[in-house]
Participant: 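Once you've had a glance at the structure underneath, I'll fire off some questions.
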Amino acid sequence: MEITLFAGRRKVLKGEVNLVASKSIASRHLLIQAISGEISELSNFSDAEDTQHLYSVLQYFLSNPDIKKEYNAGAGGTTFRFLTAYFASRPCSLVLNCTRRMSERPVGELVNALQKLGAKIRYLKKNGFPPLAISGKKLKGGCIAIDSGISSQFISAIMMIAPTFSDGLELQFSGNLVSRPYIKMTAEIMQEYGIHVELNDYGCCIFPGQYSIDSRNEKLKVEGDWSSASYFYALASCSSAADFTLTNLNEKSNQPDAYCTQIFRLLGVDSEFKNQKIRISKKKAPLPEEIEVDCTDCPDLAQTLAVVCSAKKIPLKLKGLSTLRSKETDRIAALQSELFKFGVFSEAGNDYLFLNPENFNISTQKISIDTYDDHRMAMCFAPLALLQKQLKIKNPEVVKKSYPDFWNALKKIGIQSKLS
């Protein structure tokens with residue numbers, strides 16, 4: 001399947017988009033509530049495939065805790081890693097499986113840490129990778145170290161089950177801490193449920209306790225997803241004119257990708273907050289001669305920035321990309337391949353990407369974007385539809401992983417599409 005995007009002649013973006021809920025926030029609430037024994041009602045719950053999958057597995061397990069079976073975590077890294085920690089700390093005996101690509105993404109550091117805490121987990125195929133056989137039980141806990149340079153999801157998963165440990169948890173971070181704001185997000189959400197978390201740059205300490213659901217006086221509303229918002233900032237930057245609104249965003253959000261408001265100010269986009277809405281507008285201002293961004297805390301912005309800076313012929317230096325090699329695809333290699341189609345030359349290493357887009361050319365070419373089974377590859381290239389009559393993107397259904405309504409959302413601000 002392929003989708004063709006049409007921006008029209010004026011290429012002016014107007015309208016209002018009710019932004020998809022944050023799957024990072026929703027998944028943390030789901031896991032904590034499952035640990036407490038019951039998942040309560042969430043308002044503006046994320047309809048992302050990953051989050052819905054996590055919800056379904058947790059609900060089924062809570063309803064059928066004694067059934068021995070194989071659970072499939074799907075394609076979600078967050079889903080698989082959170083479920084690994086959850087099942088390891090619950091009385092159960094099961095297999096946790098996943099998609100082929102997810103089975104190629106390492107979980108060894110998480111499994112090793114859980115085993116040190118008393119968990120019984122074994123690999124069913126390749127050491128260090130899914131699928132897993134888990135014999136869950138109440139864990140003793142204690143003091144361990146974990147490599148914090150691989151994935152913040154490993155740390156968050158262990159943190160959230162830590163209150164159930166009989167001896168609590170003292171977790172020491174080793175290595176370069178990646179995606180630090182997501183760990184802070186985990187701590188803050190745990191505190192909303194009455195758990196005291198001592199967190200600093202070197203580790204965290206969590207004492208035995210019980211999550212409190214009853215203390216919440218109103219239905220929880222999940223805020224909008226700033227990672228998804230970044231694509232609309234990119235659209236505004238690539239447009240000839242833009243004046244549209246995104247709803248359900250928190251100006252003081254703990255989501256790391258809220259940083260996009262600062263970066264895109266350099267790329268000609270203004271933001272104005274009012275009543276959980278943000279007005280996005282295009283401004284006329286000189287562009288920087290080059291841009292350098294450290295994405296250690298916000299790796300999901302890397303693909304978006306690479307496409308926009310290429311379109312504007314701004315040399316770009318991205319660093320802090322060590323986690324991108326093992327995402328839904330090797331995102332650094334995928335970006336290099338697709339941008340090369342437009343004449344963009346690049347240099348990359350394990351954790352950096354340099355782009356030279358002086359020869360970027362789109363207007364005379366008929367190019368289809370390959371998406372590599374990666375939702376962010378599909379969404380980050382969408383703004384290029386504003387630079388030519390039409391843009392083709394292959395396998396557009398991949399956006400269901402995080403933003404199922406993305407293509408319809410584009411229509412609300414003036415970008416039409418056709419499936420073929």
Side-chain angles (χ1 to χ4, degrees), residues 1-13 101 228 230-240 242 264 267-268 287 291 300-316 318 321 324-325 327-348 353-403 406-411 413-420:
M1 187 180 294
E2 191 173 65
I3 193 168
T4 303
L5 303 180
F6 307 88
R9 292 183 178 180
R10 294 182 61 193
K11 301 178 183 178
V12 178
L13 304 181
R101 172 56 185 168
S228 298
S230 69
Y231 304 118
F232 292 93
Y233 275 83
L235 286 158
S237 181
C238 290
S239 69
S240 58
F264 276 95
L267 295 168
L287 295 173
I291 292 178
D300 286 341
L301 294 181
Q303 291 154 288
T304 309
L305 292 173
V307 173
V308 172
C309 287
S310 293
K312 292 182 169 295
K313 298 188 177 182
I314 301 173
L316 176 66
L318 295 173
L321 307 182
L324 294 194
R325 293 287 190 187
K327 292 288 189 178
E328 284 79 352
T329 185
D330 180 338
R331 287 178 171 169
I332 296 177
L335 273 174
Q336 289 183 280
S337 295
E338 296 312 296
L339 289 174
F340 184 73
K341 293 177 179 178
F342 301 101
V344 177
F345 292 94
S346 61
E347 175 188 339
L353 176 65
F354 299 159
L355 297 177
N356 178 4
E358 63 179 348
N359 294 321
F360 177 87
N361 183 15
I362 189 173
S363 59
T364 61
Q365 302 181 57
K366 294 182 179 180
I367 296 174
S368 292
I369 304 299
D370 288 300
T371 52
Y372 306 83
D373 291 323
D374 185 350
H375 55 132
R376 301 206 184 280
M377 285 298 292
M379 293 186 284
C380 75
F381 274 90
L384 297 188
L386 292 160
L387 304 182
Q388 63 175 19
K389 290 183 179 180
Q390 61 183 37
L391 178 74
K392 294 183 181 295
I393 297 178
K394 296 179 181 178
N395 301 319
E397 67 277 5
V398 295
V399 301
K400 66 184 180 181
K401 193 173 194 297
S402 62
Y403 198 166
F406 180 70
W407 307 117
N408 287 329
L410 295 189
K411 292 179 182 179
I413 59 172
I415 297 179
Q416 301 301 312
S417 59
K418 180 180 178 181
L419 289 172
S420 59

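In what follows, every heavy atom counts, from backbone to side chain, and hydrogens, waters and symmetry copies are set aside.
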Participant: Counting only heavy atoms not in K400 (residues, nucleotides, ligands), do more than 12 fall under 6.0 Å from its NZ?
Facilitator: no
Participant: Give the minimum heavy-atom separation between S230 and L301, together with the two atoms involved.
Facilitator: CB-CD2, 3.5 Å
Participant: Taking the side chain as every heavy atom from C-beta outward, state whether Y231 and P383 have any pair of such atoms under 4.5 Å apart.
Facilitator: no
Participant: Tell me, please, which residues at least two apart from K394 pass salt bridge (charged side-chain N to carboxylate O under 4.0 Å, His left out).
Facilitator: D370
Participant: Roughly how far, to the nearest 0.5 Å, is CD1 of I415 from CG of L5?
Facilitator: 7.0 Å
Participant: Identify, with sequence neighbours excluded, every residue that meets ring-ring contact (aromatic ring centres under 6.0 Å, His included) alongside F354.
Facilitator: Y352
Participant: Rounded to the nearest 0.5 Å, what's the gap from CG on D373 to CD on E397? Could you check?
Facilitator: 8.5 Å
Participant: State, to 0.1 Å, how close L353 and A348 come at their nearest heavy-atom pair, and which atoms those are.
Facilitator: CD1-CB, 3.8 Å
Participant: Got a list of side-chain donor-acceptor pairs under 3.5 Å for residues 303-310, not counting sequence neighbours?
Facilitator:
from: S310; atom 1: OG; to: A306; atom 2: O; distance (Å): 2.7

Participant: Please state whether the rings of F264 and Y233 are parallel, tilted or perpendicular, taking 30° and 60° as the class boundaries.
Facilitator: tilted
Participant: Out of curiosity, R101 CZ to D374 CG, how far, rounded to the nearest 0.5 Å?
Facilitator: 9.0 Å
Participant: Using the side-chain contact (heavy atoms from CB on, under 4.5 Å) rule, take L324 and L335 through it: C-alpha gap first, then chi angles, then the decisive distance, then the call.
Facilitator: CA-CA 11 Å; L324 294 194; L335 273 174; 5.6 Å; no
Participant: Quick one: does K312's side chain have a donor or acceptor within less than 3.5 Å of a partner on S237's backbone?
Facilitator: yes
Participant: List the residues meeting side chain to side chain contact (heavy atoms under 4.5 Å, CB included) with D330, not counting sequence neighbours, and say none if there are none.
Facilitator: R325, I332, A333
Participant: Just to verify, what does P396 make a side chain to side chain contact (heavy atoms under 4.5 Å, CB included) with, not counting sequence neighbours?
Facilitator: M1, I3, W407, L419
Participant: Assess the side chains of S346 and Q336: does a donor N or O sit below 3.5 Å from an acceptor N or O?
Facilitator: yes
Participant: Would the number of heavy atoms belonging to other residues, nucleotides or ligands and lying under 6.0 Å from CZ of F6 be above 12?
Facilitator: yes
Participant: When you compare the side chain of V12 with that of S240, does any pair of heavy atoms fall below 4.5 Å?
Facilitator: yes
Participant: Could you list the residues that satisfy side-chain hydrogen bond (donor to acceptor under 3.5 Å, both in side chains) with E2, not counting sequence neighbours?
Facilitator: S368
Participant: State the CD1-CZ distance between I362 and F342, to the nearest 0.5 angstrom.
Facilitator: 4.5 Å
Participant: Where do S337 and Y372 come nearest, in terms of heavy atoms and distance?
Facilitator: CB-OH, 3.4 Å
Participant: Can you tell me how far the NE2 atom of H375 sits from the CZ atom of F406, to the nearest 0.5 Å?
Facilitator: 12.0 Å
Participant: Show the numbers, then the answer: is there a side-chain contact (heavy atoms from CB on, under 4.5 Å) between L410 and L235?
Facilitator: CA-CA 9 Å; L410 295 189; L235 286 158; 3.5 Å; yes
Participant: Determine the minimum heavy-atom distance between A378 and I393, stating which atoms define it.
Facilitator: O-CD1, 3.6 Å
Participant: Among residues at least two apart in sequence or on other chains, which ones pass ring-ring contact (aromatic ring centres under 6.0 Å, His included) with F381?
Facilitator: none
Participant: Please list, chain by chain and in numerical order, all residues satisfying ring-ring contact (aromatic ring centres under 6.0 Å, His included) with F232, sequence neighbours excluded.
Facilitator: none
Participant: Give the C-alpha distance, both sets of side-chain angles, the deciding distance and a yes or no for side-chain contact (heavy atoms from CB on, under 4.5 Å) between L13 and L386.
Facilitator: CA-CA 10 Å; L13 304 181; L386 292 160; 4.0 Å; yes
Participant: Looking at residues at least two apart in the chain, or sitting in another chain, which of them share a side chain to side chain contact (heavy atoms under 4.5 Å, CB included) with K411?
Facilitator: N408, Q416, S417
Participant: Which of these passes side-chain contact (heavy atoms from CB on, under 4.5 Å) with L355: L318, I291, L316, I314?
Facilitator: L316
Participant: Checking D300 now: which residues fulfil salt bridge (charged side-chain N to carboxylate O under 4.0 Å, His left out) with it, not counting sequence neighbours?
Facilitator: R331, R376
Participant: Should K313 and L287 count as side-chain neighbours, where that means a heavy-atom distance under 4.5 Å?
Facilitator: no
Participant: Sequence neighbours left out, what passes salt bridge (charged side-chain N to carboxylate O under 4.0 Å, His left out) with K327? Give chain and number order.
Facilitator: none
Participant: Please lay out, stage by stage, how I367 and L384 fare under the test side-chain contact (heavy atoms from CB on, under 4.5 Å).
Facilitator: CA-CA 11 Å; I367 296 174; L384 297 188; over 6 Å; no
Participant: Who passes side-chain hydrogen bond (donor to acceptor under 3.5 Å, both in side chains) against K418, sequence neighbours left out?
Facilitator: none
Participant: Nearest 0.5 Å, please: how far is OG in S228 from CE in M379?
Facilitator: 5.5 Å
